[in-house]
Amino acid sequence: MSEITDDLIQQSLEAGGPLPVDLTSSAEKEVEVYRVIFEGLKREPFVSIRPDFPTKVIQKIKTKNRVRDIGFYSLIAMITVAGMAGIYYLLELLDKKSANQYVAFTVHYKWILIYILCSILIVQYLDQKISRGRSKNLGSSNFI
Amino acid sequence: MLDDNELVSRVVSGDLRAFNLLVEQYQRLVFHVVGKMIDNQQDVEDVCQEVFIKIYRGLHLFGFRSKLSTWIASIAYLSSVNHLKKAKKYPLAFEQPDLEKLTLADANLVEELTQKNLTTNIHKMVNRLPPLYKVLVNLYHFHGFSYLEMVKITGIPEGTIKSYLFRARKMLKDQIIAK
């Protein structure tokens, strides 16, 4: 009759190999308890997940994307306005008359310039939407 | 059912339906890892959401250098560690238990350790282990990760992981036999 160490029992159970047969009763009890533990641990522990968890994650991603997009477009608009202001100040330094002409031109055609800027942003936005939609459609045709 | 390659390429191309599938497929893994490290259920859910958002943002960098499950588990583990660090509970997750004082099971639990309620009671005992031991036990036994994969997930050396697993199982055994 022989004793057996915890390490040896665990290594044997991990490897799925045989254990010594001629064990003392206390050693046999230990082996049996380890078997119960190994069996029990293979089964899934309880975990509480709300059924709408995936939906909530996707909502959060969409919200973050929207905020990022608004930030991006606002930045484009601000850069455009800053650029135009920069041109004015540069002209002011070089030639006051040209600067005044530039301001007059901008004010006269302000709605056209705003229209052009909005068009560029809308085209940019629609292009993103269409290319995302295209990639979803390509994917959905293979959905099982 | 899509395989991982197909799933990843669709998510990377912006397909949120594919991402929804990915979340459903891997949410149990993520909740198991995060839930073993963090006690508060609301924090667990918040961190799990954060994990999937990181997965969504980082999937284009994944590159299949490991299994998708390994990569996801590592993000879940690191996010949990970061959360614990922010909450200043990080050292507790790695605290070595004082075996003299540790009680994993009460007498009733052990009495009831029959085949019928084996799962519930073993896992109740596991839940009293230190957080890192719980995670390793769960990753190895239920999710079937190898030692090498667990090294990739946790960054802990293989020898240390083996040692922690052995200690955790020995603790369970000693408590059951002592009763």
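Below, chains carry the letters A, B, ... as their sequence lines are ordered, and counting in each starts from 1.
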Between Q49(B) (side chain only) and V57(A) (backbone N and O only), is there a donor and an acceptor less than 3.5 Å apart?
no
Separation of [Y] [atom2] from [X] [atom1] (nearest 0.5 Å):
X: L41(A); Y: M125(B); atom1: CG; atom2: CE; value: 10.0 Å
X: N65(A); Y: Y56(B); atom1: CG; atom2: OH; value: 5.5 Å
X: F166(B); Y: D6(A); atom1: CZ; atom2: CG; value: 9.5 Å
X: E44(A); Y: H32(B); atom1: CD; atom2: NE2; value: 4.0 Å
X: F53(A); Y: F52(B); atom1: CZ; atom2: CZ; value: 5.5 Å
X: I49(A); Y: Q27(B); atom1: CD1; atom2: CD; value: 4.5 Å

Relative to chain A, which segment of K36(B) carries a heavy atom at a distance below 4.5 Å: side chain, backbone, both, or neither?
side chain
Please state whether the side chain, the backbone, both or neither of N127(B) comes within less than 4.5 Å of a heavy atom of chain A.
neither
Show the nearest heavy-atom pair for residues [X] and [Y], with the distance to one decimal.
X: Y147(B); Y: E14(A); answer: OH-OE2, 2.5 Å
X: Q41(B); Y: S48(A); answer: NE2-O, 3.6 Å
X: I61(A); Y: R57(B); answer: O-NH2, 4.5 Å
X: R50(A); Y: E45(B); answer: NH2-OE2, 2.8 Å
X: P54(A); Y: N20(B); answer: CB-OD1, 3.3 Å
X: I177(B); Y: K29(A); answer: O-NZ, 4.3 Å

Between R43(A) and F142(B), is the side-chain contact (heavy atoms from CB on, under 4.5 Å) condition met? List the steps.
CA-CA 6 Å; R43(A) 303 182 200 185; F142(B) 177 66; 5.7 Å; no
Is the distance between the ring centroids of H141(B) and F38(A) less than 6.0 Å?
yes
Residue part contacting chain B, namely of I58(A), when any heavy atom lies under 4.5 Å
side chain
Hey, is NZ on K97(A) packed in by over 12 heavy atoms from elsewhere, all under 6.0 Å?
no
Y89(A), OH: over 12 other non-hydrogen atoms inside 6.0 angstrom
no
Check the hydrophobic clustering (I, L, V, M, F, W, Y; side-chain heavy atoms under 4.5 Å; chains of links allowed) and say if [X] and [Y] are grouped together.
X: F105(A); Y: W111(A); result: no
X: L113(A); Y: V81(A); result: no
X: I87(A); Y: L93(A); result: no
X: L121(A); Y: I116(A); result: no

Taking E30(A), K64(A), K62(A) one by one, which has the highest count of heavy-atom pairs under 4.5 Å against chain B?
E30(A)
Taking side chain as C-beta onward, heavy atoms only, is K134(B) less than 4.5 Å from P45(A)?
no
Answer yes or no: is there an ion pair linking E32(A) with K173(B), defined by an N-O contact shorter than 4.0 Å?
no
